[in-house]
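Here is the naming used below: chain letters follow the sequence lines, and residue numbers restart at 1 for every chain. Keep in mind it's a predicted model, so treat the numbers as computed, not measured.
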Amino acid sequence: MIRVRFAPSPTGYLHVGGARTALFNWLFARHAGGTFVLRIEDTDRERSTDEAIEQIVDSMRWLGLDWDEYYRQAERHDRHLEAAESLLRSGAVYERDGAWWFRVPEAGATVVHDELVGDVRFDNDQLKDFVIRRSDGTFVYNFVVVVDDVDMAITHVIRGDEHLNNLPKQMRIYQALGHPMPLFYHLPMILGPDRGKLSKRHGATSVLEYRDRGILPEALVNFLVRLGWAHGDEEVFSREDLVRLFTLEALNKSAAVFEDAKLLWLNQQHMKRADLGALLGLVEPLVVARGRVPEGMWTEGGSDRLLAGLALLRDRARTLRDLAAAMEMLFPVPIEREDEATISPLQGRLMRVLADEIERIESWGAKGLEELFRGTLARESATLKDVALACRIAVTGRKAGPGLFEILSAVGPAVVAERLRAYAGAMSA
RNA sequence: GUCCCCAUCAUCUAGUGGCCCAGGAUACCGGGUUUUCAUCCCGGCGACAGGGGUUCAAAUCCCCUUGGGGACGCCA
């Protein structure tokens with residue numbers, strides 16, 4: 001039975017590097033039908049906070065990484081003490097200055113095995129004796145991580161590269177405790193665009209910031225999994241695809257640079273593939289949060305019309321936030337105008353005539369609208385080119401967007417007529 | 001400084017000795033589709049860090065150099 005764990009220390013938010021580690025563990029567990037454990041490593045009482053735990057949990061939930069078991073390391077103190085005492089009795093550990101020290105022989109070497117890297121040799125003179133229990137009675141990471149992994153019957157430890165140097169110490173503890181070791185996979189780091197440590201000066205590093213920017217969790221998951229994992233030439237994966245295809249053998253062992261360009265592209269791909277109804281549910285709070293569209297108006301909006309508008313607008317957005325901004329045009333409210341146009345007297349007259357015709361139209365729809373426009377303009381000896389851009393800007397506030405008749409159809413006759421008249425009046429030269 | 005890890009286009013990567021004068025994706029540039037924009041389609045640009053070996057044959061194996069990253073706590 002496969003058992004893996006993600007063991008963050010709650011000293012800050014969950015960053016994208018940690019999220020990828022969690023993701024690989026989760027995917028491996030779900031692929032193999034194993035168990036995924038979330039273990040909060042809060043033995044550093046000074047730096048651990050409840051807010052951080054909450055943020056980590058929120059981040060994991062948002063990403064859709066559900067866990068089967070949950071532990072707080074600080075609550076396992078008795079068990080750690082028990083294990084440490086056994087080592088004290090066996091002589092593997094001794095006390096000095098109130099702290100408990102683990103004994104490491106000065107000669108020879110410790111060879112550890114990583115499934116990705118292979119055998120790695122450390123000379124013992126590098127290791128030296130180390131503390132497992134502080135003089136205040138609390139235990140140190142390198143010790144509790146081993147005791148917990150043993151107790152929780154962890155079979156595969158998938159964690160960040162920075163822990164590879166800890167493995168020889170941990171291996172000696174496993175041996176002193178008399179337990180076989182799990183398999184280890186040390187993941188290469190995620191770097192910033194300057195190939196240095198990924199940090200805030202490169203942009204967002206927190207998972208929740210990506211949520212707030214309007215990134216879909218499945219897009220972030222897709223992006224993160226590709227940092228160190230690939231499946232042939234495929235790029236876009238659903239969560240189900242990943243669970244089905246993920247294997248540890250396909251893991252890469254070199255560090256990857258985190259650049260958002262591809263994340264934005266993946267976000268668009270996932271928005272294009274999303275269920276329209278579900279996507280509508282996701283943008284609703286974002287539209288309301290912008291302040292122009294009151295909450296009640298959303299439900300009266302007519303969901304078919306909104307779905308039609310959403311279908312047109314989503315291909316033109318890279319984030320949920322962009323999409324929410326565009327969705328405003330579908331409601332009878334003053335819209336944000338990104339582009340303006342001056343309206344000639346001829347255009348103004350044509351727009352008013354069109355507005356009148358639109359209020360009288362019998363069958364509303366893109367097709368009917370096109371006939372109406374072409375018919376009306378022909379009678380006025382004008383062409384679509386004369387008014388298309390002006391009408392687009394009047395109704396949508398933008399000079400670029402979906403097909404004119406499609407988007408007008410989604411906005412609805414009353415609002416279209418009103419915006420046409422208002423804009424023709426306001427912007428007349 | 002010592003120890004450890006890593007090294008294919010700007011970026012993510014495919015590639016596990018011959019199928020590779022290296023394939024895909026993003027970004028960028030051009031073209032097509034579109035009244036516009038986006039999507040979509042087509043094309044272009046662009047890499048095996050360097051040097052030695054091993055081999056009939058090396059991006060793939062070995063060594064060195066260089067470069068990048070990480071660890072050296074009574075932090076995790």
- Check: A/Asn166 side chain, B/A71 base, donor-acceptor under 3.5 Å: no
- What pairs with A/His156 under ring-ring contact (aromatic ring centres under 6.0 Å, His included), at least two apart in sequence or on another chain? A/Phe28
- Spacing between A/Leu276 atom CG and B/U39 atom C1', to the nearest angstrom: 14 Å
- Reckon A/Lys399 touches a base, only the sugar-phosphate, or nothing at all at heavy-atom distances under 4.0 Å? base
- Item | Nucleotide B/A25, atom P - distance to CG of A/Leu264 in whole Å | 19 Å
- Message: Nearest whole Å is fine: how far is B/U36 C1' from A/Met329 CE?
- Response: 13 Å
- Name the nucleic acid region contacted by A/Leu227, choosing base, sugar-phosphate or nothing; use a 4.0 angstrom heavy-atom cut-off, strictly under. sugar-phosphate
- Salt bridge between A/Glu82 and A/Arg79, side-chain N to carboxylate O under 4.0 Å? yes
- Item | Check: A/Phe143 ring centroid to A/Phe130 ring centroid under 6.0 Å | no
- Message: Over all strands shown, is A/His231 touching base, sugar-phosphate only, or nothing at heavy-atom distances under 4.0 angstrom?
- Response: nothing
- Pick base, sugar-phosphate or nothing for A/Phe122, based on heavy-atom distances below 4.0 Å to the nucleic acid. sugar-phosphate
- Choose from B/A76, B/A7, B/C40 the nucleotide whose nearest atom is closest to any side-chain atom of A/Arg47. B/A76
- Message: Is there, by distance only and without an angle test, a donor paired with an acceptor across the side chain of A/Glu235 and the base of B/G24 below 3.5 Å?
- Response: yes
- Message: Categorize A/Gly228 for me: base, sugar-phosphate, or nothing, with a 4.0 angstrom heavy-atom threshold over every strand shown.
- Response: sugar-phosphate
- For B/G1, take OP1 and OP2 only and decide whether either is under 4.0 Å from a side-chain N or O of A/Gln126. no
- Query: Looking for any heavy atom pair under 4.0 Å, which part of the strands does A/Arg314 touch: base, sugar-phosphate only, or nothing?
  - Reply: nothing
- Query: Rounding to a whole Å, what distance do you find between A/Leu187:CG and B/G69:C1'?
  - Reply: 15 Å
- Query: Relative to the 5' end of RNA chain B, which residue comes earlier, A/Lys128 or A/Val257, by the nucleotide with the nearest heavy atom?
  - Reply: A/Val257
- Message: Can you identify which nucleotide, out of B/A27, B/A14, B/C5, has its nearest atom closest to the A/Val117 side chain?
- Response: B/C5
- Item | Interatomic distance where CZ belongs to A/Phe237 and C1' belongs to B/A25 [whole Å] | 11 Å
- With sugar-phosphate meaning primed atoms plus P, OP1 and OP2, does A/Ser135 contact a base, only sugar-phosphate, or nothing at under 4.0 Å between heavy atoms? base
- Message: Between A/Arg421 and A/Asp356, does any side-chain N to carboxylate O distance fall below 4.0 Å?
- Response: yes
- Ignoring the backbone of A/Val131, work out which of B/C5, B/G69, B/C74 is nearest its side chain. B/C74
- Find the distance A/Asp119:CG to B/C5:C1' and express it as a whole number of Å. 14 Å
- Does A/Arg195 place a side-chain N or O at less than 4.0 Å from the phosphate oxygens OP1/OP2 of B/C12? yes
- Below 6.0 angstrom between ring centroids: does that apply to A/Phe6 and A/Trp26? no
- Message: Counting the atoms with a prime plus P, OP1 and OP2 as sugar-phosphate, which does A/Ala388 contact under 4.0 Å by heavy atoms, base, sugar-phosphate, or nothing?
- Response: base
- Note on the structure: Regarding the side chain of A/Val140, the nearest nucleotide among B/U11, B/C74, B/C3 is B/C74
- Task: Have a look at A/Leu263 and say if it touches a base, only the backbone sugar-phosphate, or nothing, with a 4.0 Å heavy-atom cut-off.
- Result: nothing
- Query: Any luck finding a side-chain donor-acceptor pair between A/Asn166 and A/Tyr141 under 3.5 Å?
  - Reply: no
- Item | Touch class at under 4.0 angstrom, heavy-atom based, for A/Glu46 against every strand present | nothing
- Would you please confirm or rule out a distance under 4.0 Å between OP1 or OP2 of B/A27 and any side-chain N or O of A/Arg318? yes
- Presence of A/Thr43 side-chain N/O under 4.0 Å of B/A76 phosphate oxygens OP1/OP2: yes
- Can you tell which of B/G24, B/C3, B/U26 lies closest to the side chain of A/Asp233? B/G24
- Atom-to-atom span, CD of A/Glu162 to C1' of B/G70 - whole angstrom: 8 Å
- Query: Paired with B/U60 by Watson-Crick or G-U wobble geometry, both distances under 3.5 Å: which nucleotide is it?
  - Reply: none
- Answer with base, sugar-phosphate or nothing: what part of the nucleic acid does A/Leu164 contact at a heavy-atom distance below 4.0 Å? sugar-phosphate
- Message: Below the 4.0 Å mark, does B/A14 have OP1 or OP2 next to a side-chain nitrogen or oxygen of A/Asn252?
- Response: yes
- If only side-chain N and O atoms of A/Lys262 are considered, is one of them under 4.0 Å from the OP1 or OP2 phosphate oxygen of B/A25? no
- Determine the contact category for A/Pro402: base if any of its heavy atoms lies under 4.0 Å from a base atom, sugar-phosphate if only primed atoms, P, OP1 or OP2 are that close, otherwise nothing. base
- May I ask you to say what A/Ala99 touches in the nucleic acid, namely base, sugar-phosphate or nothing, with a heavy-atom cut-off under 4.0 Å? base
- Mind checking who B/C20 pairs with, Watson-Crick or G-U wobble, both distances under 3.5 Å? none
- Message: Nearest whole Å is fine: how far is B/G69 C1' from A/His163 NE2?
- Response: 15 Å
- Message: For A/Phe405 and A/Phe373, I'd like to know if the aromatic rings sit close, meaning centre-to-centre distance below 6.0 Å.
- Response: yes
- Message: Taking the basic N atoms (NZ, or NE/NH1/NH2) and the acidic carboxylate oxygens, is any pair closer than 4.0 Å for A/Glu240 and A/Arg244?
- Response: no
- Task: If B/A7 has a Watson-Crick or G-U wobble mate with both distances under 3.5 Å, name it; if not, just say none.
- Result: B/U66
- Message: Counting the atoms with a prime plus P, OP1 and OP2 as sugar-phosphate, which does A/Asp97 contact under 4.0 Å by heavy atoms, base, sugar-phosphate, or nothing?
- Response: base
- Note on the structure: Considering only heavy side-chain atoms of A/Arg226, the closest of B/G23, B/U13, B/A27 is B/U13
